[in-house]
Q: 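Once you've had a glance at the structure underneath, I'll fire off some questions.
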Amino acid sequence: MQFGILTDDAIEHSRKRLGVPQPQHNPPHNYEVTWDGVRHFAFGYGDDNPLYCDPGYAAASRWGKLIAPPTFLYTMGEDAAPKPSPDTKALLKGDPFAGLGSYQAVMEFEWWRPLEQGDRCRVLQAQVGVQPKPSRFGKRTVHITHDYIYTNGAGDLHAVRRGTWINAERHTSKKVAKEKLVQEPYTPEQLAEIDAAYAAESRRGAEPRYFEDVQIGDDLQPRVKGPLTTTDVVVWHLGWGMQLTPPGSFRLAHRIRRKAPGLYPPNDLNIPDTVQRLHWEPKRARELGLPSSYDYGGMRETWLCHIITDWMGDDGWLWKLRCEHRKFNYIGDVTWVRGKVVDKVQQDGRNEVHLEVWCENQRGETTTPGTAVVLLPSRGAPRVELPAPPATDLDGMVRHELVRYGVGDQEATE
């Protein structure tokens, strides 16, 4: 394996990790679901839904207490991986794709029960997919899929997050990257249109949206996010945490730098600084072959959840969401979050509404298309029954996911 070079040996080494629980290197941003933690997260993406922000309101809902937004799971997860053996430690040591550019491509969620105020949470991470693919942008790439399986404080399965990242050689990407970003100052008329969209936003809230009242072709009321500023990214981090770089600054960051100097490449003053700074430092983004700083995939996933949860109301349940991140959303861009009903199905006692959702920038480009499944109440059954997970525990979920991605037990453990 060579730093910054995509080799066959690196791909084969990655395959050996399939199904192997991977210990978490960073502590969670939140150890417990708290009123403040949930509120800070919701405010970070522009949501003041009282179901997440007002314990008194939430107590009168079907949930009986404050619950967290769907993607709050990003901020949680005490490590559920077993203590690795010496052989497993050796297998998991280092990154087979160190030095490559890593770009989030797909994220898929299933939620089976909420995280409630006072809950703790555990997470088990396991790699479940390795797929080499050609790419016009980076010539040769490899798609790596990781599962993050979450339980609530009682040990019940809460959700699974399936993420696929594209790994490509950075120097190749820099040579080929030719996207030209043209951004003009916004006119007063354009800003007025955005402000009008913000002012028009409404929330279904406590009024149930019944399955019978939904029609195929219905549009979801749009949500607007932007124009995106560096301040927006900072406020997002307050609720989301840092995710990649371990939390802490100064002496705490110094301790991490000594262990993982690659996480802190030097800036123009030769000061080590987080690799994540390309999200708010345009010069660093340009050094990596991109025209400017950009958002996180997790932000857009959360924006898609926002439009859905506002539309479905307190009594609905967001069961599934899948989205693909196809274009960067740069600082200065406006994102219009849109959705429509494409199907409605009654099966296995569930009232399923199938949605198409997407993020669209001011240039008319779809940056993140997605699909979702929402469970709604009906007048005959006003309480939605939460869906059952496909397994009963973390180990069972890993086995299920390996089969789902076409990996047999024997292959995963060789």
Side-chain angles (χ1 to χ4, degrees), residues 11-33 68 70-96 106-116 118-131 143-165 243 301 317-322 348 350 373 385-414:
I11 293 171
E12 184 57 31
H13 185 78
S14 183
R15 289 190 193 281
K16 293 178 181 179
R17 296 181 171 186
L18 290 169
V20 178
Q22 299 192 16
Q24 300 298 294
H25 297 295
N26 299 335
H29 186 54
N30 293 302
Y31 279 94
E32 183 177 320
V33 180
T71 54
F72 188 75
L73 52 73
Y74 265 119
T75 77
M76 298 197 71
E78 298 171 62
D79 193 10
K83 185 177 180 180
S85 68
D87 287 344
T88 300
K89 275 188 176 181
L91 174 63
L92 298 178
K93 185 177 180 180
D95 180 0
V106 179
M107 192 61 74
E108 183 173 346
F109 301 84
E110 285 188 39
W111 292 273
W112 305 300
R113 52 180 50 83
L115 288 175
E116 303 175 338
D119 257 339
R120 295 187 74 154
C121 179
R122 300 176 73 215
V123 62
L124 182 67
Q125 177 186 350
Q127 185 175 313
V128 295
V130 179
Q131 188 175 13
H143 293 214
I144 303 298
T145 300
H146 285 267
D147 268 12
Y148 299 80
I149 308 166
Y150 298 83
T151 65
N152 65 9
D156 301 317
L157 287 168
H158 159 59
V160 61
R161 175 168 64 92
R162 308 178 180 106
T164 298
W165 284 263
Q243 302 295 320
E301 295 152 18
W317 180 253
L318 175 54
W319 180 21
K320 298 179 181 181
L321 173 68
R322 183 186 188 278
D348 300 326
R350 298 186 300 264
V373 179
E385 293 297 324
L386 297 180
T392 58
D393 57 23
L394 292 170
D395 290 339
M397 273 300 303
V398 172
R399 291 193 295 271
H400 170 271
E401 292 295 292
L402 289 171
V403 172
R404 186 177 186 274
Y405 282 94
V407 181
D409 288 343
Q410 182 177 356
E411 181 182 352
T413 55
E414 288 180 345

Q: Do V398 and L124 have side chains that get closer than 4.5 Å, going by heavy atoms?
A: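 Yes, close enough: below the 4.5 Å cut-off.
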Q: Heavy-atom distance under 4.5 Å between the side chains of Y405 and T145, does that happen here?
A: yes
Q: Looking only at side-chain N and O atoms, does Q127 offer a donor or acceptor that is under 3.5 Å from a partner on S14?
A: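 Short answer, yes.
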Q: Please answer whether the main-chain N or O of P70 pairs with a side-chain N or O of W111 as donor and acceptor at a distance below 3.5 Å.
A: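 Yes; at least one donor-acceptor contact below 3.5 Å.
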Q: Would you check, one step at a time, whether the test salt bridge (Lys or Arg N to Asp or Glu O under 4.0 Å) holds for R404 with E108?
A: CA-CA 13 Å; R404 186 177 186 274; E108 183 173 346; 2.7 Å; yes
Q: Taking the basic N atoms (NZ, or NE/NH1/NH2) and the acidic carboxylate oxygens, is any pair closer than 4.0 Å for E78 and R120?
A: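 Salt bridge present between E78 and R120.
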Q: Report yes if some heavy atom in the side chain of P23 is under 4.5 Å from a heavy atom in the side chain of P84; otherwise report no.
A: yes
Q: Less than 4.5 Å apart, side chain to side chain, heavy atoms only: is that true for K89 and K93?
A: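 K89 vs K93: side chains apart.
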Q: State which residue, out of H158, R161, K320, R162, fulfils the side-chain hydrogen bond (donor to acceptor under 3.5 Å, both in side chains) condition with E110.
A: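 Only one option passes, and that is R162.
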Q: Please tell me if the side chains of Y74 and E301 come closer than 4.5 Å, counting only heavy atoms from C-beta onward.
A: yes
Q: Does some side-chain heavy atom of W319 sit less than 4.5 Å from a side-chain heavy atom of L386?
A: no
Q: Is the closest side-chain heavy-atom distance between F109 and R322 below 4.5 Å?
A: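 Answer no - side chains too far apart.
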Q: Does the D79 side chain pair with the main chain of A81, one donor and one acceptor, at a distance under 3.5 Å?
A: yes
Q: Residues two or more places apart in sequence or in another chain: which of them pass side-chain contact (heavy atoms from CB on, under 4.5 Å) with N26?
A: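 By the side-chain contact (heavy atoms from CB on, under 4.5 Å) rule, N26 matches P246.
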Q: Do H29 and M76 have side chains that get closer than 4.5 Å, going by heavy atoms?
A: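 They are not in side-chain contact.
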Q: Where the side chain of N152 meets the backbone of G155, is there a donor-acceptor pair that is under 3.5 Å apart?
A: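 Looks like yes, one N/O pair under 3.5 Å.
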Q: Output yes when a side-chain donor or acceptor of R350 lies under 3.5 Å from a complementary backbone atom of P387, and no otherwise.
A: no
Q: Short question: side chain of H13, backbone of L92 - any donor-acceptor pair under 3.5 Å?
A: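 The answer is no, because no donor-acceptor pair under 3.5 Å joins these two groups.
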